[in-house]
Amino acid sequence: MANDFDRRALLRGGLTVTAVGALGVVGARTAGAAVPAGAVAEPEIYGTSEWKARPPAGAITVENHKPTYIVVHHTVEPGNTDDYSKEHAFEASRGIQNFHMDTRGWIDTGQQFTNSRGGYITEGRHRSLEILRGGTQHVQGANVGNHNSEVIGIENEGLYSTVDVPQKLWDSLVDLVSYIASQYGITPEYIKGHRDFNSTECPGQVLYDRLPELRTAVGGRLGMPVRQLPEWPLLKPGDSGQKVLVAQHLLRAQGARGVPADGVFGKSTVDAVAALAAAKGVTPHQCYATARTDETGFLGADIWPLITPSVAPGVGSEAARAAAALGARSTLTNQSWKELLAY
């Protein structure tokens, strides 16, 4: 789109561009702008007692502040079932809780809410619905590594890497996110995917690509314009192209000399990312989606900030070569790396 080319041209020329200006949003409010409390009616949400949840194995932590982000996940397991019944939704919620408690060792379900393929919304971690209704605190979950005190998470039943969500799930997701945003005063740009925090495929490429649409739909419910902010890209084994080449130069700048600068995300690049994550103490994420897929060596939002120094483009260093590969013409900061890599 024209805005993407405009943004890249401005950044290469060394100009500072705000997200609002670059994306052409008219009259966008600043972060933390007032969202009218109670503007959105509560959708039907089935509490933990209704789907026969196990009691938590420990005390539920209630954060004495509102969450900053609403985070969208996909469950991967139990797959894309055609059973859209309420009974199945309850069964899926029990399965998630059992996995989180018995396999992960957590005190309860990790996410605050679960949304089934049939559009049935259930409370995940105990007390999440009660506290959400209050609108001033939130229950701490376990669904986004290193950010659980800031986020409220929604697991969407199914695997959405290559197929779209059912309409019933989409409609209930819009309803639930709109209600949460209204209760907590969260503006739509803070509706995120799990991969915006951790190096994971979650919530699946197809659902992730619909997050701008979700933000727009929620903004419509709240009666406010929407900003679409740049996010770090996710690179995975088998990927190729300019962004992989940039990552390889940056990894080499960190001392990963065995990584080729060939633009192909092969085993040596995967190993270098995994080694860097371990050396830097990056906490592995553990959302329900990892029950099926090993995402070791994925390069995403928690890795990019560790390898993007302030640097001028050129050929004097690996980092400078990475900047040159992006077409930068002036010194890149962490934020301008992000803005260039996002498109």
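The chain is numbered in sequence order, starting from 1.
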ask   = Distance-only, no hydrogens or angles: does the Thr75 side chain make a donor-acceptor pair with backbone N or O of Gly158 under 3.5 Å?
value = yes

Sequence neighbours excluded, the answer for salt bridge (Lys or Arg N to Asp or Glu O under 4.0 Å) partners of Arg94 is none

### Task
Please confirm whether the backbone N or O of Leu132 pairs with a side-chain atom of Gln183, one donor and one acceptor, at under 3.5 Å?
yes

(request) Without swapping roles, check the side chain of Glu50 against the backbone of Gly47 for a donor-acceptor pair under 3.5 Å. (result) yes

If you count the non-hydrogen atoms of other residues, nucleotides and ligands that lie under 6.0 Å from CD in Gln167, is the total more than 12? yes

Using modelled atom types only, decide if a donor and an acceptor are shared between the side chain of Asp108 and the backbone of Gln97 within a distance under 3.5 Å.
-> no

So NZ of Lys338 and CG of Leu229: to nearest 0.5 Å the spacing works out to 7.5 Å

Notebook entry, point to check: Is there a donor-acceptor contact under 3.5 Å from the side chain of Ser336 to the main chain of Leu332?
Noted result: no

Same apolar cluster (I L V M F W Y, side chains within < 4.5 Å links), Val246/Val264: no

Below 3.5 Å, can you tabulate the donor-acceptor pairs from side chains in residues 265-278 to any protein atom, sequence neighbours excluded?
unit_1: Lys267; atom_1: NZ; unit_2: Asp271; atom_2: OD2; d: 2.7
unit_1: Thr269; atom_1: OG1; unit_2: Gln248; atom_2: NE2; d: 3.2

Can a salt bridge be assigned to the pair Asp83 and Arg117 using a cut-off of 4.0 Å between side-chain N and carboxylate O? no

Across all chains, not counting sequence neighbours, the side-chain hydrogen bond (donor to acceptor under 3.5 Å, both in side chains) partners of Arg195 are Glu201, Gln205

Using a 4.5 Å side-chain heavy-atom cut-off and chaining through intermediate ILVMFWY residues, the residues clustered with Val315 come out as none

Asn64, CG atom: more than 12 neighbouring heavy atoms under 6.0 Å:
no

Quick one: does Glu123's side chain have a donor or acceptor within less than 3.5 Å of a partner on Thr48's backbone? yes

Quick note, ring-ring contact (aromatic ring centres under 6.0 Å, His included) partners involving residues 137-158, not counting sequence neighbours, are His65-His138, His147-Phe197

The single option from Tyr69, Tyr208, Trp232 that satisfies side-chain hydrogen bond (donor to acceptor under 3.5 Å, both in side chains) with Asp196 is Tyr208

Note to self: Taking Gln228's backbone N and O only, do any of them form a donor-acceptor pair with Arg215's side chain (distance below 3.5 Å, no angle check)?
What the structure shows: no

ask   = Under 4.5 Å between any side-chain heavy atoms of Arg210 and Val72, yes or no?
value = no

Grouping ILVMFWY residues whenever side-chain heavy atoms fall under 4.5 Å, the cluster of Tyr120 otherwise contains Tyr46, Trp51, Phe90

